[in-house]
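Input: a single structure, listed below in structure tokens.
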Amino acid sequence: MVVLSNNDGCIVARSAEAKALGISMAIPIFKNWDLVRRHRIKVLSSNYVLYGDMSRRVMSILAQLAPRIEVYSIDEAFLGCEGIPQDQLSDFGRQIRSAVARMTGIPVSVGIAATKTLAKVANHFAKREPERKGVLLLDDPELIRSYLDRIPLEKVWGIGRRKAEFFRRNHIDNVLQLVAADDRWIKQHLTVMSLRTAWELRGISCIPLEAIPPKRKGIGTSRSFGRDVRDLADLKEAVAAYTSRAAEKLRCQGLAAGHIHVFIATDAFKDEPFYANAAGIGLDPPSAATPFLCSQAIRLLKRIFRPGLVYKRAGIMLMELTGADKVQSDLFVPVYHQSRQQRLMETVDRYNRTTNTGKLFWAAEGMGKPWYMRQAYKTKRYTTRWDELPVARA
DNA sequence: TCTGGGGTCCTAGGACCC
DNA sequence: TCTGGGGTCCTAGGACCC
């Protein structure tokens, strides 16, 4: 089985069987259709509603078991192990693994070590070495060395392809050599980011656990189109729909935006000349009202739209975020907080949260949405919609 | 024919201030 | 011949993460 990115573009997840058949990560599906048909590989669109719900379930189990939790991404969390005796850490890992499996059916792997970076190394091997049964504690210096000796540079958290290349050009071919490298040299050539990585690999914590998520700096929504978009009218609909989505995320976190940015682009893979442009404007006072944000977004779109082109992608970014209730009052302009606009938005959001059928949306988003992304192989939202519950057959 | 989306952080360089 | 020192803010670009 393989799972595709948005717009059914690239392969972004593969089952063990698909990996064994030589299907590589992040390859466009159209380059793999032969293999897919030959081996009857199941192809699925991604289903973010389902993933989001399962993620929340897993994270809430972890939050009950661990003293502290930092939810790092949809499928990863760092847990603080304060107060758990050293000789019980492996047991704690096994307990996490079995609780999550029992309550969600999802297999997880657990890496335990003195720093986040080393815990990620431990996890890397917990996942891959069957004899570890999904749990690996890295506390012994010799054990740590033996694993650092075996993990490829680019698999270390914070070292990507470019940095690994740079290290190799400079005769650092292995993580142990990086650990032994000179601090000044690392800082000079690769900034403090890599210096932190090196220290973390030596067991000195430089990246603290963040139990309270830091304030968001920007909220964006962008999509590739499911088919050619040439008309300003279609682009306006798409930009309005993306703005509406981003504004929902904004209000969900109680924020207002002080800046809005719109961008559009043609297909970079096509032979035709590539056009991409962006425009932004400050919003004073900051707002979280969809109609206002949409009107601003469409004004910006008109500034960058060039007729006669085939557009492939558009997006909007909301920035300079502040708490909606922290916005400075204005003598001449009504602010969003406690306005009729806000009451309207809250009513719309509440309706859309509590109803299962249909959705209240702005007419500017359009009805047909011909530009909407492809999702030809979508599974059901099994856990969040009454009408899409899994069916058990006798 | 068909190639994802949403983020963060750091640095260098420019423009400006006194 | 010789042209200061100490700051801030902003942006673009690059690298990384999932």
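Scope of the values below: all heavy atoms of this structure, side chains included, with no hydrogens, waters or symmetry mates. Keep in mind it's a predicted model, so treat the numbers as computed, not measured. The chains referred to below are lettered A, B, ... by the order of the sequence lines, with proteins before strands, and numbering in each begins at 1.
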Subject >> Phosphate OP1/OP2 of B:dT1 contacted by A:Arg227 side-chain N/O (<4.0 Å) >> reply: no

Original post:
More than 12 non-hydrogen atoms from neighbouring residues, nucleotides or ligands closer than 6.0 Å to CZ on A:Phe292, yes or no?
Top reply: yes

**OP:** Report yes if at least one side-chain N or O of A:Arg223 is closer than 4.0 Å to OP1 or OP2 of B:dG6; otherwise report no.
**Re:** yes

Original post:
At under 4.0 Å between heavy atoms, what does A:Gly218 touch on the DNA or RNA strands: base, sugar-phosphate, or nothing?
Top reply: sugar-phosphate

Subject >> A:Asp349 side chain vs A:Arg251 backbone, donor-acceptor pair below 3.5 Å >> reply: no

**OP:** Figure out the CE/C1' separation between A:Met317 and B:dG6, and round it to whole Å.
**Re:** 9 Å

**OP:** Return the nearest nucleotide to the side chain of A:Tyr72; candidates are C:dC18, B:dG4, C:dA15.
**Re:** C:dC18

Original post:
Does a side-chain N or O from A:Lys217 land closer than 4.0 Å to OP1 or OP2 of B:dC9, or not?
Top reply: yes

Original post:
Are A:Lys120 and C:dC18 close enough that a side-chain N or O sits under 4.0 Å from OP1 or OP2?
Top reply: yes

**OP:** Check every strand shown and say whether A:Ile219 touches a base, only sugar-phosphate, or nothing at a heavy-atom separation below 4.0 Å.
**Re:** sugar-phosphate

**OP:** Look at all strands and tell whether A:Asp75 reaches a base, only sugar-phosphate, or nothing, counting heavy atoms closer than 4.0 Å.
**Re:** sugar-phosphate

**OP:** Give the C-alpha distance, both sets of side-chain angles, the deciding distance and a yes or no for side-chain contact (heavy atoms from CB on, under 4.5 Å) between A:Leu283 and A:Ile260.
**Re:** CA-CA 7 Å; A:Leu283 309 173; A:Ile260 184 168; 3.9 Å; yes

Subject >> Residue A:Ser224, side-chain atoms from C-beta onward, closest of B:dT3, B:dG7, B:dG4 >> reply: B:dG4

Original post:
According to a strict under-4.0 Å criterion, is A:Thr191 in side-chain N/O contact with OP1 or OP2 of C:dA15?
Top reply: no

Subject >> Rounded distance in Å - CD1 (A:Ile186) to C1' (C:dC16) >> reply: 17 Å

Original post:
Which part of the nucleic acid, if any, lies within contact of A:Ile27, taking any heavy atom under 4.0 Å across all strands shown: a base, the sugar-phosphate backbone alone, or nothing?
Top reply: nothing

Original post:
Starting at CD of A:Gln188 and ending at C1' of B:dT11, how long is that distance when rounded to a whole Å?
Top reply: 14 Å

**OP:** Check the distance between B:dG7's C1' and A:Leu250's CG and give it to me in whole angstrom.
**Re:** 16 Å

Original post:
Phosphate oxygens OP1/OP2 of B:dC2: is one of them under 4.0 Å from a side-chain N or O of A:Lys270?
Top reply: yes

Original post:
Taking the six-membered ring for Trp, are A:Tyr311 and A:Phe305 ring centroids under 6.0 Å apart?
Top reply: yes

**OP:** Would you classify A:Arg196 as touching base, sugar-phosphate or nothing, given that sugar-phosphate means primed atoms plus P, OP1 and OP2, and contacts are heavy atoms under 4.0 Å?
**Re:** sugar-phosphate

**OP:** Give A:Val3 one of three labels, base, sugar-phosphate or nothing, depending on what nucleic acid heavy atoms sit under 4.0 Å from its own.
**Re:** nothing

Original post:
Rounded to the nearest Å, what distance is computed from the NE2 atom of residue A:His259 to the P atom of nucleotide C:dC10?
Top reply: 12 Å

Original post:
Roughly, in whole Å, what's the span from CG in A:Asn7 to C1' in B:dC2?
Top reply: 9 Å

Original post:
Is the distance from OP1 or OP2 of B:dG5 to the nearest side-chain N or O of A:Arg313 less than 4.0 Å?
Top reply: yes

Original post:
For A:Lys187, which contact category applies under a 4.0 Å heavy-atom criterion: base, sugar-phosphate, or nothing?
Top reply: nothing

**OP:** Look at A:Glu154 together with A:Arg168 and state whether they make a salt bridge at an N to O cut-off of under 4.0 Å.
**Re:** yes

Original post:
If only side-chain N and O atoms of A:Thr221 are considered, is one of them under 4.0 Å from the OP1 or OP2 phosphate oxygen of B:dG5?
Top reply: no

**OP:** Just call it for A:Trp157: base, sugar-phosphate, or nothing, with non-hydrogen atoms closer than 4.0 Å on any strand.
**Re:** sugar-phosphate

**OP:** Would you indicate whether A:Arg145, at its atom CZ, is surrounded by more than 12 heavy atoms from other residues, nucleotides or ligands within a distance under 6.0 Å?
**Re:** no

